[in-house]
Number of protein chains: 2
Amino acid sequence: MDPNTVGFAKHDHDHCISDAITAADRMCRDAGLQLTPVRKRALSILLEEHRALGAYDVLARLSEEGFGAQPPVAYRALDFLTKHGLAHKIERLNAFIACAHPNELHTPAFLICTTCHAVAEAETDPSHSLLSQIAETTGFTIARAVLEAEGTCPNCREKADK
Amino acid sequence: MDPNTVGFAKHDHDHCISDAITAADRMCRDAGLQLTPVRKRALSILLEEHRALGAYDVLARLSEEGFGAQPPVAYRALDFLTKHGLAHKIERLNAFIACAHPNELHTPAFLICTTCHAVAEAETDPSHSLLSQIAETTGFTIARAVLEAEGTCPNCREKADK
DNA sequence: CGCTTGATGTAATAACATAACGTTTGAGGC
DNA sequence: GCCTCAAACGTTATGTTATTACATCAAGCG
Ligand SMILES: [Zn+2]
Ligand SMILES: [Zn+2]
Ligand SMILES: [Zn+2]
Ligand SMILES: [Zn+2]
């Protein structure tokens, strides 16, 4: 994974937004999906903020820009994005975040800093050993899974150590 | 869900309730915690149902039995239970469930059947720690983590195969 | 007793999410 | 070009989940 897209590290932000939008455009075109103005704008809002945003936060931004002002406007756009792997919902926060590596089939793992509220989507071991182990011992067939962890990010930890 | 199943397997349910309550009593006594009537009753409600219950479901049961009827009554009892490892919140369902193996320090992994809505708390192999791998590569310090998986339980799968 | 602390109770409200229904839009068939 | 249909969009209303704020009560302690 490109270290510049890891959540707690600095990176070329303008570039990461435009790249992500371009990739989303192509993905939707290829899959026959409509990345409509609201949906595209919702995605770019998530990318701009680069943290988990509540549906109502996104809604406020959208409505400022002339889109509808009612909750379903935001929820529908976010549903589309999450359904097609362009964003994730972080259940613990009731909030949404742009996917850090779309296109790849993956089990997201979120690291939520309880100090600064940054959220990073970590890369998980592609062997998925934990999941397959669970599936094997329980007989459960896993369709989707998500790991959510709370703790302290490297930046906040450094400050705390001083 | 068949109330006699936990983890998707049948078991002696009356026994598992009384055992769990006894263990919770001892744990709280040893730790200097107050397992008050509301808290104990909230735990036993979760154990009786043996599935994920919403806070308002628990509240309804509690208020029927003479406890307070306002949301904080349930939320406070559930907060106590989750804080001290006697129950977990399943974020994906906004629901609570009694812990299947309290006393042990663990990262719970929930298997949520999308067909019958049963929820099992899987054992995870601590040696296999996906978490420490993530912590190491990202520099993030993990305080608490939870894995939530959706899929099909063995019972529902068997039925579907027919 | 007077003080503190933790538990409980209530009212009010905030935050999050969906149901239901009408209107608009645009691709594909004629 | 025009019709039709399905998907997307918009709004109103409502449902669900969770918290804030504040009063009361009982236990522990000088
Ligand atoms: Zn960025
Ligand atoms: Zn931080
Ligand atoms: Zn049981
Ligand atoms: Zn099932």
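Reminder, nothing fancy here: chain letters follow the sequence lines and each chain counts from 1.
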Atom-to-atom span, CG of A:Leu93 to C1' of D:dT19 - whole angstrom:
16 Å
Kindly state whether the ring of B:His13 and the ring of B:His15 have centres lying under 6.0 angstrom apart.
no
Just checking B:Glu65: does its CD atom have more than 12 heavy atoms from other residues, nucleotides or ligands closer to it than 6.0 angstrom?
yes
Would you say the side-chain atoms of B:Glu148 pair up with the backbone N or O of A:Val146, donor to acceptor, closer than 3.5 Å?
no
Is it true that the side chains of B:Arg157 and B:Thr152 contain a donor and an acceptor less than 3.5 Å apart?
no
Partner of B:Phe80 under side-chain contact (heavy atoms from CB on, under 4.5 Å), chosen from B:Leu33, B:Val38, B:Thr36, B:Leu43:
B:Leu33
Could you pull out the closest heavy-atom pair between A:Pro71 and A:Tyr56, with the gap in Å?
CG-OH, 3.3 Å
Counting only non-hydrogen atoms, which of residues 65-74 of chain B are less than 4.0 Å from DNA chain D?
B:Pro71, B:Pro72
Given atom OH of A:Tyr75 and atom P of C:dA15, what is their separation to the nearest angstrom?
12 Å
When the distance from CG of A:Asp79 to P of D:dG10 is rounded to whole Å, what number comes out?
15 Å
What pairs of residues pass the side-chain hydrogen bond (donor to acceptor under 3.5 Å, both in side chains) test when at least one of them lies in residues 77-91 of chain B, not counting sequence neighbours?
B:His88-B:His106, B:His88-B:Glu121
In whole angstroms, the gap separating C1' of C:dA15 from CD of A:Glu91 amounts to 15 Å
Between atom CZ in A:Phe80 and atom C1' in D:dA7, what is the gap in whole Å?
12 Å
Minimum-distance nucleotide to A:Gln34 side chain [options: D:dA8, D:dT17, C:dT18]
D:dA8
Within the modelled atom types, does a donor on one side and an acceptor on the other bring the side chain of B:Arg76 and the base of C:dG9 under 3.5 Å apart?
yes
Contacts to DNA chain D from residues 37-45 of chain A, heavy-atom cutoff under 4.0 Å, which residues?
A:Val38, A:Arg39
If you take all heavy atoms of B:Thr107 and B:Ala145, which pair is closest and at what distance?
CG2-O, 3.4 Å
State whether A:Asn94 places a side-chain N or O below 4.0 Å from either non-bridging phosphate oxygen (OP1 or OP2) of D:dT17.
no
Whole-Å gap separating P (C:dT5) and CG (B:Leu33):
18 Å
Rounded to whole Å, please give me the gap between CG in B:Leu59 and P in D:dT16.
14 Å
Kindly check if the number of other-residue, nucleotide or ligand heavy atoms within 6.0 Å of CD (A:Glu49) is above 12?
yes
Is any side-chain nitrogen or oxygen of A:Lys89 closer than 4.0 Å to OP1 or OP2 of C:dA17?
yes
Assert: residue with more 5' nearest nucleotide on DNA chain C, out of B:Thr36 and A:Gly54, is B:Thr36
A:Leu62 has an atom CG; how far is it from atom P of D:dC9, in whole Å?
11 Å
Quiz item: A:Tyr56 side-chain donor-acceptor pair to C:dA17 base, under 3.5 Å:
yes
